[in-house]
Colleague: 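Here's a structure for you.
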Amino acid sequence: MKEKIKQLAGKYAAEFVANRRHLHTNPELSFQEYETQKFVAEQLRTLGLAPQAMANTGLVALLEGKNPSKKVVALRADMDALPILEANDVSYKSTNPGVMHACGHDVHTASLLGVARILTELKDEFEGTVKLVFQPGEELAPGGASMMIREGVLENPTPQGMIGQHVAPQIPVGKIGFREGMYMASTDEIYLTVKGKGGHGAAPELGVDPVLVASHLIVALQQIVSRNRPQNSPSVLSFGRVIANGATNVIPNEVKIDGTFRCMNEIWREEGLRRIQKLAEGLCESMGAECEVRIVRGYPYLENHPELTRRLRAEASEYMGEENIVDLDIWMAGEDFAFYSQVTDSCFYRLGTRNEERGIVSGVHTPTFDVDEHSLEIGAGLMSWLALQELAV
Ligand SMILES: [Zn+2]
Ligand SMILES: [Zn+2]
């Protein structure tokens, strides 16, 4: 079976690249993936599948082998692009100015279409069902994954496992990265407004200086991460935007502090957010100011199911060769695949796309991001192989 899949992946590699280039040329922002959805649906229908729309611009399709109810495995691709002006000079450059597939979601979508191509040709040779999940809006809260789950993507039929892959520009093409257990962070946004009483910079005693209060607050809040976090959860609290719009001789009325709190433990996440709120309010009050705290919930933390991940890693090693499997570090960025990982056995692994010789080294979310397109043949073939291996477990 492994050789059959490799042979099909090679045979259709040019089609995978053409699909990826079509998507790359025509990127759409989160929750606006109308043309992308149409394109993917057409491709799936051509293969004899019956895609269903979900979460407005998402799609789900079932690819049934023999005895389809035996087991179900779900494979996920995200389809949205980013508000970035592409700086690459390539034939498949974005024609939608200011919008770019700079996170490789074009590769994920084209790879999953590739899986559909490969497994349709093999459907008499496996048992069970592969659920193809094309979701919208990974890059934007509340995350397309949360909407897909709410609309029943994990029901009728219920998959026993969920697998997602993501490009990795730091990993050479031909290599695959895995990590068991905690992998990516929860991401919540913190908006603090410290309200004092402004006035002349020469007479601070007549008011309440919110700049000084905010300075204390920024320092004090770090104790939550350094003194309160459980030892088993990496945590980050960063404030990247501090606005005190006074002048050298003007104390402003208020200071705005915006930041992000990230961790890898849902209980601690709640506790940490509660502590941030309490400390901000209490400290400001003790200094005669007030604090307005607004927390915008992001994605949960991403947990790679240990047993499933161990199996997939071994299966990937069989397909790729053990020398091409790398261990991933935890990564404090967020990813809405985490929503699936909170409710079903899930594994999110990384597909190497780097090629230093060809200068393909830019990180995701940059205007010069690109991939070595050989990764498409690997991505589609490997995912097909992993799905069939899992159906056979
Ligand atoms: Zn991204
Ligand atoms: Zn992404």
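All values below were derived from every heavy atom in this structure, side-chain atoms included, with hydrogens, water molecules and symmetry-related copies excluded. In each ligand, atom 1 is the first atom listed, and ligand 1 is the first ligand listed.
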Colleague: Heavy atoms only: give me the nearest L386-L312 pair and the separation to one decimal.
Modeller: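 Closest heavy-atom pair between L386 and L312: CD2-O, 3.6 Å.
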Colleague: Return the minimal non-hydrogen interatomic distance between E189 and Y191, and the atom names on each side.
Modeller: OE1-OH, 2.7 Å
Colleague: Give the name of the N/O/S atom in E139 that lies closest to the Zn ion (ligand 1).
Modeller: OE2
Colleague: Does one side chain, of Y301 or E303, offer a donor that lies under 3.5 Å from an acceptor on the other?
Modeller: yes
Colleague: Check step by step if salt bridge (charged side-chain N to carboxylate O under 4.0 Å, His left out) holds for K71 and E127.
Modeller: CA-CA 8 Å; K71 193 176 177 187; E127 286 188 279; over 6 Å; no
Colleague: Hey, which N, O or S atom on H105 ends up closest to the Zn ion (ligand 2)?
Modeller: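 It is NE2 of H105.
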Colleague: What do you get for the angle at the Zn ion (ligand 1) between SG on C103 and NE2 on H365, to the nearest 10 degrees?
Modeller: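 Computed angle, vertex at the Zn ion (ligand 1), rounded to 10 degrees: 110°.
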